[in-house]
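Scroll down for the structure; my scribbles are underneath it.
Scope of the values below: all heavy atoms of this structure, side chains included, with no hydrogens, waters or symmetry mates. Each ligand, and each atom within it, is numbered from 1 in the order the structure gives. Each residue takes its place number in the sequence, starting with 1.
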Amino acid sequence: MPKIPDEVVKRVIDLARIEDVVGDFVTLRKAGVNLTGLCPFHDDKHDGNFIVRPSTVSEKRGGNTYRCFVCDAKGGPVQFLMEHERLSFPDAIRWLGKKYNEPVDDVPVNYTPPPPRPAPPPLPDLAIPKSWVKRTMEIGGDQTLFIYWLKHLPWDDEQRARLQQTLWMYCVGGWKDGRVVFWQIDHNGIPRAAKLMRYLPDGHRDKTQHPGWIYNQDGCRQALDPDNHEIIKPLFGSHLLSSYPKAVVNIVESEKTAIIMANYYGDPDTQLWLACGGLKHLQLDSLQPLIDQGRTIWLWPDKDGREAWQKVCDKLGYDKCRVYTHFFDTCWTVADGMKADVADIAIRMMTTGEGPRKEQRLKDSKDFPAQAQSSKSIELDTDEPFLDEEELRDPRVREWRMKMSYVHSSGWGKCPTSNVPDVKSVGEILNEHPLLSKLIDYGDTTE
Ligand SMILES: [Zn+2]
C-alpha cells in the first residue's frame, strides 16, 4: 500500500473539523462554546460527559478535540475515526479526504457517513398546574418553620422590609405540617417539581427526614427518585430569569441559601440567586437555559464543595461561568470550622457585624457588571377557583383528600430506591375527577 505523502496528510488534517466528524456518528447539541452528546465509547446515559470542543476554538484552548470525562476517551478527528471506526491511520486520512473532497491516493475507501440518528422522542408534558403553587403560597407563613426562622434572622431594616417580597418572588410555600415547599419552576414559568423540606427552629434542615417531592408524572417510584434525570428539574428560581434578563446568575447549593442571599442583597436586576439543590444536581441540562441566554454565571459552592464545583465549571467549558471564591477568601476566618456556605457567612455577618459589610460588598460588586433593568412582577396564572363551601361538604372530597394525603406523605421512605409505596402519581389522581383538580389542599399529611 502506497505511503500517503506527508503534505497530503497535513492538508487533510487541517481540513478536518471535529464537530463534523463526531457529528456523523453522535447527535450533538450546543453547550456554550462546546458541543455535547452521548459518549460513543461507553454505555453513556447522560449528556454532558462527552464534550466536543469545536474547531472554532483555538488549538491552544483545546479546540478541535473530543473528550469523555467518564471513560477518558479523547483526541482529534483522526483519533476519533481510528477508535470509533477501527480504521488504521492511513485509512482515517483517506476517510477524511473523501469527506472533505481532498484527493489522497487511489486506494479505495469506504466512506459512508451513517444516517443521522433520529431525535429522541419529546418528554411528555409534565407541567404542574400553577394553582398548586398559589395554594401552597397561601399556606406559607409562620406555621412554616423555615419561614418563621427566616423572619427572625437579624436582618437590617431594609432587608426585613423586603423579605415578604423575596419569598413571594421565589414562590416559597408551606405545607400544613410545617414543611416548606420549594417550587422548581422552569425558565418558561412552568412548575416542574416541588421539594418539601422540614426545617428545625434553628434553621437547620431536619436531617432525619428525606425531602418529599411533587411531580406530575406517572409512576411514583421513578418520579420520586431524585437521581432519575428524565424528570425536568430546573434550578430553583429559574422562573425569575425572564424578569431579570440582564442579571448575573449566582448559583448556590441549597434553596435556603438562594433565598437568604437574594434577600441579603435585594438587587435582582443585577444579581439573581438560583439553587441547584445539591452538588450532583448541578447538571449541564439545568445550566443550558443560562448558557443559551449568554448569562454570566457565578458558582458559589459550600465550603466543602469548592473542588467539585470547579470541576463542573471546567467541564462546562463555558467562558462566562466561574467559581466565585473571593467572598470566601476575604472572610474565611468568619466561617472557619463551620461547614459553611455563603449564607452562613451572611447570617454570621448580620449577627455579629464581622466580615465585609456594605463597603466591602460594594467593592466586591466591581466583579459584577451592574446593568440596571426595570423589574417586572411575576405573573402567576392563578384564576382557577378553589373549592367553595358546598364542594367541601361533598363526601367524595374527603376520600380524594385522603388519597392526596397518601401521596403527599409517602415521600420515598428511608431510601430513594426502597420503601416507596406503590401509589399513583399526584397527576394521575388529580385527573380522576375535575373537582379534585381544584382540591389543592395540602393539609392532613401527617396521619
Ligand atoms: Zn465515554
For a distance under 2.8 Å, give residue and atom name for each protein N, O or S atom next to the Zn ion (ligand 1). Cys39 SG, His42 ND1, Cys68 SG, Cys71 SG
Establish, from distance only, whether the side-chain atoms of Asn250 and Trp298 form a donor-acceptor pair under 3.5 Å. no
Identify the two heavy atoms, one from Tyr170 and one from Ala258, that lie closest to each other, and give their separation to 0.1 Å.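 So the two residues come closest at OH-O, 4.2 Å.
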Just jot down the side chain to side chain donor-acceptor pair (under 3.5 Å) partners of Lys10, sequence neighbours excluded, or say none. Asp14
Centre of Trp183's six-membered ring, under 6.0 Å away, within 45 degrees of the axis: is that where NZ or CZ of Lys195 sits? no
Less than 4.0 angstrom from a charged side-chain N to a carboxylate O is my criterion; do Asp292 and Arg295 meet it?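 Between Arg295 and Asp292 there is no salt bridge, as every charged N stays at least 4.0 Å from the carboxylate O atoms.
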Residue Gln293 excluded, over 12 heavy atoms near CD under 6.0 Å: yes
